[in-house]
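One structure is given below, encoded as structure tokens.
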Amino acid sequence: MRTTTRFVVAAIATSTIFALAGCADAQSAGSGETTATVVDGGSLAFAIGNDPISLNPSGTGSGNDTLYVTRQLVDSLLYQNPETGRLEPWLATEWSSNDDATVFTFTLRDDVTFSDGTPLTAADVKGTFDDIIAAGAASQASALLIGYDETVAVDEHTVEVHFSTPNAAFPNSTATVALGIVGASTLETPYDERADGKAVVGTGAFTLGEYTKDVETVLERRDDYAWAPEALGNDGAAHLDEVVFQVVPEASVRTGSLTSEQVDVVGGVQPNDVQTIEDAGFPLVYRGNPGATFGVYFNESRPAVADLDVRKAIAAAIDPEVVRDTALNDLFAVATSSLAQTTPGFADEGDAFEYDPEAAADLLDEAGWTEGADGIRTKDGEPLSLKLAWITNFGPNQTSLELIQQQLKEVGVEVELVGGSVPEFLKVQESGDFDLSWQNLSRADGDVLRTTYSIAASNRLHLDDPELESLLQEQAALADPDARDDVLAEAQARIAEQVHQVPVHELTSILGTLPTVHGVSLGADSRLDSLVGAWEEAE
């Protein structure tokens, strides 16, 4: 099918090749020269660390492990090429925007069907987006539709998405799994009853065969699939008959399963297992994650951290290099901004952060926090004791936070670590019962700052910074890439100046594969891409 791209939102139109900071370019399994012939058939055993929790693509699951699975079930309107960052056709062949980035028009392919045999139409796109808005906070995708007004099905294969405020990043957002299009039968099922995936009807290269909670998810090939993005190298049905995502919580057990060839691919490779896999002669697939960096974020409605001097003191007391070198390895970059280096619009704010525990102590003294007999500072009889919420789905998080806890204690700040699953973390954030949070958000667009910090978004950090808000809204209305990058740079400078976040490290996604596995790759968001082109050499 011949496709023509009339417009690619300028914020994403970049020729920059995403690479890992401080190490070699991101790798792809089987990307090197091979004399093997592509093999059709077979089953790919893929070990992941967490149960998906929800197979509803716009629902809230367990982070990357969920998205690895749901990416195979649903397709997106557009595809963001991980090598170039550019948007390319997928379910939509053409797309355009009005001048102020409030109305986006998509022309759909006319040969796509859902797994239940029904054809893809503009009504399905409208239904999917309206459904996300109706789900509200229950949907992880709602933050991508800030300012959403309505979707209009112009005709069977033309759809317009309207926003009440500019949203220049929306075309990029349509490339995410969270905005993957689902069929009418899915939308007829109550939102909170879709987690087991039985009601999920998508246009993806695979369909759900079986889901056993905390054990495995079995996906089966769609024989009639024929609309993958050109960059994935396969214009027909998937080569594999099935993919089995096995839940293996212990990272070392996943690594052992790979090196003993009990599984074909493992996800969530931990830094201390990298050498083991390389020593076994097995390829690594890795890529630096774009988006909001891992770091300490603040609930600025809480009195202690509402004080800028306290936030500055916390920043000065944390040594990111020690955290990275102890908990991770050099595949992970030390963060120097609220955005990761692989994100379009990144600006280096490293000069704004300097490890200086003596300066931290001075700042706390000036803020009225005096050191007590036990070393913990107090003010007006209250200890400087802060609750830090974090997610347990990334192994090194605990080590990183125990180091930060120790570093802050050395300047008189007591930190209580409250860990939990993604849904548990979000519940704590919604309740506001936290002072600090340890989080990140992978997304291949600088607009992730608006998602994270805007008071018009979820506003879980309870910021009151009109200057930052103005910058976040301004960049969302700019189609010119240079102008938008300039505003994003100002926003990053403002976040650093006001210490709305203390950047610590960037995330790198790492997979391990058998040498016989080909076509397993990470997308522009550094999560597992569609496996439509994946295959394994015959024994």
Side-chain angles (χ1 to χ4, degrees), residues 50 53-54 59-63 135-140 142-143 192 292-315 317-318 338 364 367-369 372 374 376-394 397-409 411-441 448-449 451-465 468-469 495 498-504:
N50 300 276
I53 299 178
S54 175
T60 299
S62 58
S139 172
Q140 62 166 327
S142 59
D192 59 1
T293 51
F294 265 115
V296 175
Y297 296 70
F298 300 89
N299 175 1
E300 297 186 26
S301 68
R302 305 279 269 206
V305 296
D307 187 335
L308 177 56
D309 282 341
V310 173
R311 300 200 301 273
K312 286 181 176 179
I314 289 172
I318 295 173
S338 48
L364 291 171
W369 293 95
D374 59 357
I376 302 303
R377 293 174 180 269
T378 62
K379 182 178 181 180
D380 300 328
E382 294 294 325
L384 187 49
S385 181
L386 306 176
K387 182 182 291 187
L388 188 153
W390 62 288
I391 307 173
T392 57
N393 65 346
F394 180 53
N397 278 347
Q398 182 164 345
T399 301
S400 296
L401 290 172
E402 288 172 349
L403 284 166
I404 290 171
Q405 184 183 45
Q406 178 182 333
Q407 291 172 350
L408 291 176
K409 187 175 182 180
V411 300
V413 181
E414 182 179 56
V415 176
E416 176 191 359
L417 303 179
V418 181
S421 65
V422 173
E424 289 168 338
F425 173 80
L426 292 176
K427 185 177 293 185
V428 170
Q429 282 206 320
E430 288 294 335
S431 74
D433 186 21
F434 70 101
D435 301 285
L436 314 172
S437 65
W438 174 259
Q439 61 189 72
N440 80 313
L441 182 57
V448 70
L449 295 180
T451 303
T452 304
Y453 297 99
S454 172
I455 61 173
S458 62
N459 196 26
R460 295 188 178 104
L461 301 177
H462 303 282
L463 270 62
D464 182 13
D465 188 340
L468 175 60
E469 184 67 24
I495 292 167
Q498 296 298 305
V499 197
H500 294 313
Q501 182 236 25
V502 181
V504 177

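To the nearest 0.5 Å, the span separating CZ on Arg302 from CG on Leu386 amounts to 9.0 Å. To the nearest 0.5 Å, atoms CG (Leu436) and CG (Leu461) are separated by 11.0 Å. In this structure, CG on Asn440 lies 12.5 Å from OG on Ser338, to the nearest 0.5 angstrom. Between Ile495 atom CD1 and Tyr453 atom OH the span is 4.5 Å, to the nearest 0.5 Å. We find the CD-CG distance between Gln140 and Leu426 to be 9.5 Å, quoted to the nearest 0.5 Å. The distance from the CD1 atom of Ile318 to the CD atom of Gln407 is 7.0 Å, given to the nearest 0.5 Å.
Contact of the Ile404 side chain with the Val415 side chain is not registered, since no non-hydrogen atoms from C-beta on lie closer than 4.5 Å. Side-chain contact check for Ser400 versus Val504: every heavy-atom pair is 4.5 Å or farther apart.
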* Asked: So Asn397 and Thr392, side chain to side chain contact (heavy atoms under 4.5 Å, CB included) or not? Walk me through it.
  -> CA-CA 7 Å; Asn397 278 347; Thr392 57; over 6 Å; no
* Given Lys387 and Asp433, is the side chain to side chain contact (heavy atoms under 4.5 Å, CB included) satisfied, shown in steps? -> CA-CA 8 Å; Lys387 182 182 291 187; Asp433 186 21; 3.0 Å; yes
* To do: Check the pair Phe294, Trp438 against ring-ring contact (aromatic ring centres under 6.0 Å, His included), reporting the backbone distance first and the verdict last.
  => CA-CA 7 Å; Phe294 265 115; Trp438 174 259; 5.4 Å; yes
* Asked: Should Tyr297 and Arg460 be marked as a side chain to side chain contact (heavy atoms under 4.5 Å, CB included) after you check the CA-CA gap, both sets of side-chain angles, and the distance that decides it?
  -> CA-CA 10 Å; Tyr297 296 70; Arg460 295 188 178 104; over 6 Å; no
* Criterion side chain to side chain contact (heavy atoms under 4.5 Å, CB included) on Phe298 and Val499, from CA distance to verdict -> CA-CA 9 Å; Phe298 300 89; Val499 197; 4.1 Å; yes
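A 6.0 Å sphere centred on CG of Asp374 holds more than 12 heavy atoms belonging to other residues, nucleotides or ligands.
Judged by distance alone, with hydrogens and angles left aside, the side-chain atoms of Lys379 form no donor-acceptor pair with the main-chain N or O of Ala304 at under 3.5 Å. Within the 3.5 Å criterion, the main-chain N or O of Val422 finds no donor-acceptor partner in the side chain of Asn393. A donor-acceptor pair under 3.5 Å is absent between the side-chain atoms of Glu300 and the main chain of Leu463, judged by distance alone. Asp380 contributes no side-chain N or O that, together with a main-chain N or O of Glu382, makes up a donor-acceptor pair within less than 3.5 Å. Not a single donor-acceptor pair under 3.5 Å links the side chain of Arg377 to the backbone N or O of Pro383.
Minimum heavy-atom separation, Gln498 to Asp465: CG-OD2, 3.7 Å. Annotation for Gln429 and Ser437: closest pair NE2-OG, 3.8 Å, computed over non-hydrogen atoms. Counting all heavy atoms, side chain and backbone alike, Ala138 lies closest to Thr60 at O-OG1, 3.6 Å. Of all heavy-atom pairs spanning Val310 and Ala367, the tightest one is CG2-CB, 4.4 Å. Leu408 and Ala317 make their closest contact through CD2-CB, 3.7 Å (heavy atoms, listed as atom of the first residue, atom of the second, distance). Nearest heavy-atom pair, Ser421 versus Ile391, reported as atom, atom and distance to 0.1 Å: C-CG2, 4.1 Å.
Using modelled atom types and a 3.5 Å distance limit, the side chains of Glu402 and Gln406 yield no donor-acceptor pair. A donor-acceptor contact closer than 3.5 angstrom links the side chains of Gln501 and Thr293.
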